[in-house]
Amino acid sequence: MAQIQTLAEAVGNLVNDGDCVALEGFTHLIPVAAGQEIIRQGRRDLTLVRLTPDIVFDQLIGMGCAKKLVFGWGGNPGVGSLHRFRDAVENGWPHPLEIEEHSHAGLTNRYVAGASGLPFAVLRGYFGTDLMGRTETVKQVVCPFTGEELAAVAALRPDVTVIHAQQADHQGNVLMWGITGVNKEAVLAAERVLVTVEEVVDRLDPRPGGVLLPTWVIDAVAEAPGGTYPSYTAGYYERDNSAYVHWDTISRDRETFLTWMDEHVLGGSMAVGR
Amino acid sequence: MAQIQTLAEAVGNLVNDGDCVALEGFTHLIPVAAGQEIIRQGRRDLTLVRLTPDIVFDQLIGMGCAKKLVFGWGGNPGVGSLHRFRDAVENGWPHPLEIEEHSHAGLTNRYVAGASGLPFAVLRGYFGTDLMGRTETVKQVVCPFTGEELAAVAALRPDVTVIHAQQADHQGNVLMWGITGVNKEAVLAAERVLVTVEEVVDRLDPRPGGVLLPTWVIDAVAEAPGGTYPSYTAGYYERDNSAYVHWDTISRDRETFLTWMDEHVLGGSMAVGR
Amino acid sequence: MTATSTARGEQSIEYSPDDMMIAAAARALRGYRVCFVGIGLPSTAANLARATHSPDLVLVYESGTIGAKPTRLPLSIGDGELAETADAVVSVPEIFNYWVQGGRIDVGFLGAAQMDRFANLNSTTIGDYEHPAVRLPGAGGAPEIAASCKEVIVLIRQSHRTFVERLDFRTTVGFGEGPDDRRRWGLRGSGPTLVITDLGLLRPDPVTRELTMTALHPGVEIDQARAATPWELRVAEQLTTTEPLSEEELRGLRDLQATQDHG
Amino acid sequence: MTATSTARGEQSIEYSPDDMMIAAAARALRGYRVCFVGIGLPSTAANLARATHSPDLVLVYESGTIGAKPTRLPLSIGDGELAETADAVVSVPEIFNYWVQGGRIDVGFLGAAQMDRFANLNSTTIGDYEHPAVRLPGAGGAPEIAASCKEVIVLIRQSHRTFVERLDFRTTVGFGEGPDDRRRWGLRGSGPTLVITDLGLLRPDPVTRELTMTALHPGVEIDQARAATPWELRVAEQLTTTEPLSEEELRGLRDLQATQDHG
C-alpha cells in the first residue's frame, strides 16, 4: 500500500546510493521534480534508466549522481544534444559514465519481461547492428518451432521506479492519462515504486485513456505540482519550450550549469548539497 | 479499410471451408450472431479457436462445422457442461472433433505472439502438466541469460478473427469497452478480420476503458444488434441467464438440439441448411 | 448434502457442507491483500470475506477486472458487474502476464474434479484422454494461477471420486511428485498451502509436500476423512476442529446468495 | 543552406534544400496508408502530405499515438497535441510489439548522422565508441522501424560528413552488406526503398541493394552528387529530375512551419 509522503521523505526512504533507478516518462509525465530531489539528496553511484533521458537526466549526470546510464535515446527533444551527458561520455566529467544502450523496443521489452516475471523477452532486432555485443543484456534465442534466430533481451528489474502521474487518491491509487509510455511496465518491473502526482484528490474519476495503478503496487506517492516542468502534464499545463531551448545554453558550459543548478535546484532546498 | 457489409455478406466473403477461425470474446462481447451465420452458411472443416468456447461453439460443433477446436476452457459458464462439445469428444457426434487445448495464459500468449510478428511467446507454465506433449504448439525454450527452462508457445495466426464490439463509425473504425479480453490480440494476429457491432454511429466518442481498432486493421464490419445474445454487451443489454440455464436442457439431447437449431438459427434465414 | 446443525448459545444454525467450505475459505483469506477469484464457491467465499472480516480485500478476476467490488454474486468471471465496480479493467494478456505471472497476486482459489496427494489437479477428462468417459471443461486459468499466485487454496469435496491415487490427467501442478518439482519447473508461487474440503482442512507437509489433514469440520470424525481418501491419509499430530459457522457468517452468506438471480 | 529559385510560369519560388527534401518526402508518401513518423523533417513531411495529397494518411508516432491529426507541428514525438488528436493512444510496448513489429506500418521515416552505401545508419557515435569525438543521442526507435516497417524512407543530407564508406557505428540496419542480410537477420520489412537527400533521390539496386542515384533535384548536377559521395556513386541509367516545389507545396509547408512555436 502506498504511503502518501513528501517528495523529500519518499526519495529519502526509497532511493539509496548504488541503486538502479528507472525514472520513466516517455515524452510525457517526466519525473523532473523527483529527479531533482535525488540530486538535492546527493545520491551517488546510481544506475539510471530511461528510454529517453532528457534534461533532468542531464542534470543528474552533470551533478555526479550517475555511475551508469541505461537508455535508448539521449537528447534534448526538438532542440539537440544533452551537453552534460555528452561531456560525461566524451570527456569523463564530472566522472566517467558507464553506458548501456538499447533500441527503444529492446529496452521496452526488458521492462515487459521484468513486469511479466520472465527472465527475458524476445524481439526482432539487434542483429546486424553494433548495439549487439556491446551489452550482456542482449543475446540470441532460437525459436523452438521454426528454428528462426531472434534477439533476446534480459529482464530489467529496477530497484526503484519513479514516475509522475496526474492524480492519486488518499489511499494511494494513481491515475494517469494521455501518453503513458512504458510507465506501467516500469512500475510493475520494479522492486520499489515512487509516484509523484500533480495532486491528491478525493476521488479518481474514470476517463478516456485513463490508466489506474492500484495502491498495492506502489510504495510512496508524493505530491509534486508542476513536477514535470519544463515538460508538460496533460490536463494540467503545457510544455515550456523556451526552457528546453534555454537548457541548450545553460548546459553547454560546466560553470554555467553548476551555477544554474545551485540557484534553481539546490538553492531552495534543505539539501545536503554537492 | 473495413467494408461495412451485412453479416451474411461479411461471413460469405471472409470465412471459407477449412479456415482457422477465431471467434473471441472473453466472457463479454461474444460473437454469437456471427457464429450462427457461419452455421447458416454451412461452413465445414473449420478449426475453431477461442479461450472460452461456450454456447455458440456448442452450436457450431453440434451442427458439424468444426473439424478441430483450439481452446482453454469449454463450458456453459455458471451452469455446467457443453453437451454438444462433450458429445463430439466423447462419442464422435456428429463427427469426431480434434482438440488442442491450452491453459488460458498459453493460448493468450499464442495470440500475443501472432499479433507481435513473432514465431513464439514465452511463459511460466505447462511443465509438469499433461497439457505438455499433447500439442506441437508447446515446447521448451532455455533463457540465454539464466539458463532457466521456460515454456514456449507457437504463434497463432487465424485465417479469420471474428469479434463483436459496441460501435463502429461509417469509416469502419471500431470501439469496444468493458471487458475486452484478448480481442485486440486476436484481431491483430489474424489474416482477415470481421467485427460485428451493436450499431454503426456517426462518431465514436472516447470513453473510459474504450479500446479503438482502426479501420485499416479490419476487413469487414457488420451491424448485428443483440449480436451477443444470450450473453451481454456492456452499455446495451444484460445477459439472459435463463437462456444459459435453458441451453443445458436443449443441448443434452441430439434431436432436441437439432429441432431447436432449425427453429431458432436456421429457420429465419436463406441458409443452405445442413 | 446433509445439513449440519450446530448449537451456538440458544440458537441452532442450519448449514450445508458447502456452506462450511465457503466459510472456511472466507476465513482463510484473512490477512491477504489480493485474491484471484474464479466463479462458484471461490467467488462466494471471497465476497463473504469482503462482507465480513476483510472489506479491503482486492478481488482480481481472470477477465481483467482488478479490484472488483460486486454488490451481487457474479454469474461469470466476466460479469458486467465486475467491470463496472472494478478499479481497473485490463486485457487478458495483461492479467496473465503482468499480474499473475508477475507475482502480484497473494492468493488464488482453485477447484477441480480430481486431486491427488500432492495437490495436483485434474479438470480435463475423466478416463482416457483420447476417449474420455467424461470430458470436463479443461484448464482455463488454473495452471497459471497455481504456478504464479504466491499461495493457492483448493476447494474440493473429499471422496473417492475426487481424491484419487492417480489423476486421469494432470491439468494443474500442485507439488508434482514432491518437494523439488515446483522449483525445477520454474513455478514461482508456493503452491497449494491449504485444501478445504467438506470434511476439513489439509495442508502440505513442510518437508514432503504430501497433503496432511490438519483440521476437521465440526461433527466430522477422522475415520470419515480416512474413508473418503483412497490413499493412506496423513493426519497432523495436533488435529484441530474448525469453528462452526457463526451467525454473522451465515447471515453474510445468505445475503450474498440472495443476490444471485439464476434467471 | 542556399536558397533555390525556380521559375513557375511568371512567378519565382524561393525555397531551401531542406524545403526540397521535405517536399520530396511528402510526395513519396502518396499511396501509403500508415506512416510511422519521427520528429523534425519527417514529421513536417508527413503533415505536408496530409495537408496536400493524402488527407487520410494515418500518422503513427512512437509515443503510442495512432492516427494523430495535429493542427500544428508537434514539438516532440510525445507532444500533447498528438495524443489529443489521435484515434487511439496505446502504450509504448504495444506500439513496438503489435504495431511496428506486427507489420502494421506501411512506411517509416528515418534520419541519421551517417549512412553507408547499403543504407545502414549511424545515430550513436562519431569516432570510436568507447571514446567518441561526438556522442549522438543513440538508437531510439530507429532499429525496429528499419526492421519491421514495410518500407523505410531515409532523409539525410548528402556530403562526406554524412555519406561514409564505413559507419563509425551501425545503429540501424539498411541492407547490411548486401541482398541476403535482412532475411538472415529476421527483419521482415523491405528496408530502405528510398533515400532523399538535399541533392536528389537514391534507391537500392534491386539485385545488389547498393544505393543508386535515381533522380536529382532541380538545378543539381550529377557531378555534385558524385563529389558529395565518398564511394563511387552508382547512377541510374535513366536519371530523372524531381519536380520543383509547387506553389501549393510551398504554401502548405510555410503554413505548417508557421504553426511551430519554438517559445
Side-chain angles (χ1 to χ4, degrees), chain A residues 25-28 51-52 71-79 81-82 85-86 88-90 99 101-106 108-109 111-112 123-131 134 148-151 177-185 209 211 231-232 234 238-246, chain D residues 39-40 61-65 74-80 82-84 88-89 91-93 95-97 100-101 120 122-125 127 129 131-144 146-148 167-173 176-177 181-182 184-188 261-263:
Chain A
F26 195 84
T27 72
H28 177 219
L51 266 73
T52 53
F71 76 108
W73 189 91
N76 184 341
V79 179
S81 289
L82 291 181
F85 162 62
R86 285 186 55 180
V89 174
E90 295 168 13
I99 59 175
E101 59 190 301
H102 287 274
S103 68
H104 278 168
T108 292
N109 278 295
Y111 283 125
V112 169
L123 74 159
R124 290 184 187 279
Y126 287 101
F127 295 145
T129 75
D130 292 333
L131 294 164
R134 288 276 168 200
E148 268 181 288
E149 295 169 353
L150 296 144
W177 65 85
I179 292 165
T180 58
V182 72
N183 281 10
K184 181 183 271 188
E185 288 74 16
V211 173
S231 185
Y232 79 109
E238 301 284 322
R239 162 163 154 153
D240 178 1
N241 202 53
S242 66
Y244 279 80
V245 175
H246 192 41
Chain D
I39 225 61
Y61 288 79
E62 201 174 330
S63 53
T65 54
L75 296 169
S76 80
I77 56 168
D79 196 306
L82 299 175
E84 283 158 27
V89 181
S91 73
V92 164
I95 271 290
F96 280 115
N97 292 344
V100 178
Q101 189 174 263
N120 303 299
N122 173 16
S123 52
T124 302
T125 51
Y129 183 74
H131 302 94
V134 182
R135 174 64 229 198
L136 301 165
E144 282 78 20
S148 297
L167 301 178
D168 292 347
F169 190 97
R170 192 193 286 165
T171 314
T172 299
V173 172
E177 305 297 329
D181 282 349
R182 289 190 65 87
R184 192 158 61 85
W185 291 327
L187 312 178
R188 308 211 296 183
D261 170 17
H262 265 297

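All chains are named by letter (A, B, ...) in the order of the sequence lines, taking the proteins before the strands, and each is independently numbered beginning at 1.
With a 4.5 Å cut-off on non-hydrogen atoms, D:Ile95 does not touch chain A at all. With a 4.5 angstrom heavy-atom cutoff, A:Glu90 touches chain D via backbone and side-chain atoms both. Of the atoms belonging to D:Asn122, not a single heavy atom falls under 4.5 Å from chain A. Contact annotation for A:His246: neither backbone nor side-chain heavy atoms come within less than 4.5 Å of a heavy atom of chain D. Contact of A:Val182 with chain D is made through backbone and side chain together, with heavy-atom distances under 4.5 Å. At a 4.5 Å heavy-atom cutoff, A:Tyr244 makes no contact with chain D through either its backbone or its side chain. Heavy atoms closer than 4.5 Å to chain D are found nowhere in A:Tyr111, neither backbone nor side chain. Contact of A:Thr27 with chain D is made through backbone and side chain together, with heavy-atom distances under 4.5 Å. Within the 4.5 angstrom heavy-atom criterion, no atom of D:Ser123 approaches chain A. Interface remark: A:Ala105 contributes backbone and side-chain atoms alike to the contact with chain D (heavy atom separation under 4.5 Å). For a residue to count as touching a neighbouring chain, one of its non-hydrogen atoms must lie under 4.5 Å from one of that chain's; by this rule D:Arg188 touches chain A with the side chain only. A:Arg124 touches chain D through backbone and side chain together, each having a heavy atom under 4.5 Å away. For D:Pro132, the parts lying under 4.5 angstrom from a heavy atom of chain A are both the backbone and the side chain. Contact annotation for D:Ala133: only backbone heavy atoms (N, CA, C, O) come within less than 4.5 Å of a heavy atom of chain A. Looking at A:Leu51, only its side chain comes within 4.5 Å of chain D, counting heavy atoms on both sides. Contact annotation for D:Glu62: both backbone and side-chain heavy atoms come within less than 4.5 Å of a heavy atom of chain A. Using a 4.5 Å cut-off between heavy atoms, D:Val100 makes no contact with chain A at all.
Closest approach of A:Leu131 to D:Phe169, counting heavy atoms only: N-CZ, 3.7 Å. When all heavy atoms are compared, the tightest approach of D:Tyr129 to A:Ile99 is OH-CD1, 3.7 Å. When all heavy atoms of D:Ile77 and A:Phe26 are compared, the pair lying nearest together is CD1-CE2, 3.8 Å. A pairwise comparison of heavy atoms in A:Phe85 and D:Leu136 identifies CE2-O, 4.3 Å as the closest pair. When every heavy atom of A:Trp73 is checked against every heavy atom of D:Gly138, the shortest pair comes out as CD1-O, 3.6 Å. For D:Gly78 against A:Ile179, the heavy-atom pair with the smallest separation is O-CD1, 3.4 Å.
Here A:Gly128 is the residue among A:Gly72, A:Ser103, A:Ala243, A:Gly128 with the most heavy-atom pairs under 4.5 Å with chain D. In terms of non-hydrogen atom pairs under 4.5 Å with chain A, the most contact-rich of D:Ala142, D:Pro93, D:Ala139 is D:Pro93. Counting heavy-atom pairs under 4.5 Å between each of A:Gly181, A:Pro77, A:Gly75, A:Gly125 and chain D puts A:Gly181 at the top. Ranked by non-hydrogen atom pairs under 4.5 Å with chain A, the options D:Gly141, D:Ala83, D:Ala147 are led by D:Gly141. Between chain D and the options A:Val112, A:Asp240, A:Leu123, A:Thr180, the largest number of non-hydrogen pairs under 4.5 Å is found for A:Leu123.
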Could you please spell out the steps behind the side chain to side chain contact (heavy atoms under 4.5 Å, CB included) verdict for D:Val92 and A:His104? CA-CA 9 Å; D:Val92 164; A:His104 278 168; 5.7 Å; no
Can A:Tyr126 and D:Glu144 be said to form a side-chain hydrogen bond (donor to acceptor under 3.5 Å, both in side chains), step by step? CA-CA 8 Å; A:Tyr126 287 101; D:Glu144 282 78 20; 5.6 Å; no
Pair A:Glu101, D:Arg135 - check salt bridge (Lys or Arg N to Asp or Glu O under 4.0 Å), show working. CA-CA 12 Å; A:Glu101 59 190 301; D:Arg135 174 64 229 198; 2.6 Å; yes
For D:Ser76 and A:His28, run side chain to side chain contact (heavy atoms under 4.5 Å, CB included): C-alpha distance rounded to whole Å, both residues' side-chain angles, the deciding distance at 0.1 Å, then the answer. CA-CA 10 Å; D:Ser76 80; A:His28 177 219; over 6 Å; no
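Checking side-chain atoms of D:Arg170 against main-chain N and O of A:Asp130 turns up no donor-acceptor pair under 3.5 Å.
For the pair A:Thr129 and D:Thr172, the minimum side-chain heavy-atom distance is 4.5 Å or more.
Summarising the local packing, CD of A:Glu238 is surrounded by 12 or fewer heavy atoms from other residues, nucleotides or ligands at distances under 6.0 Å.
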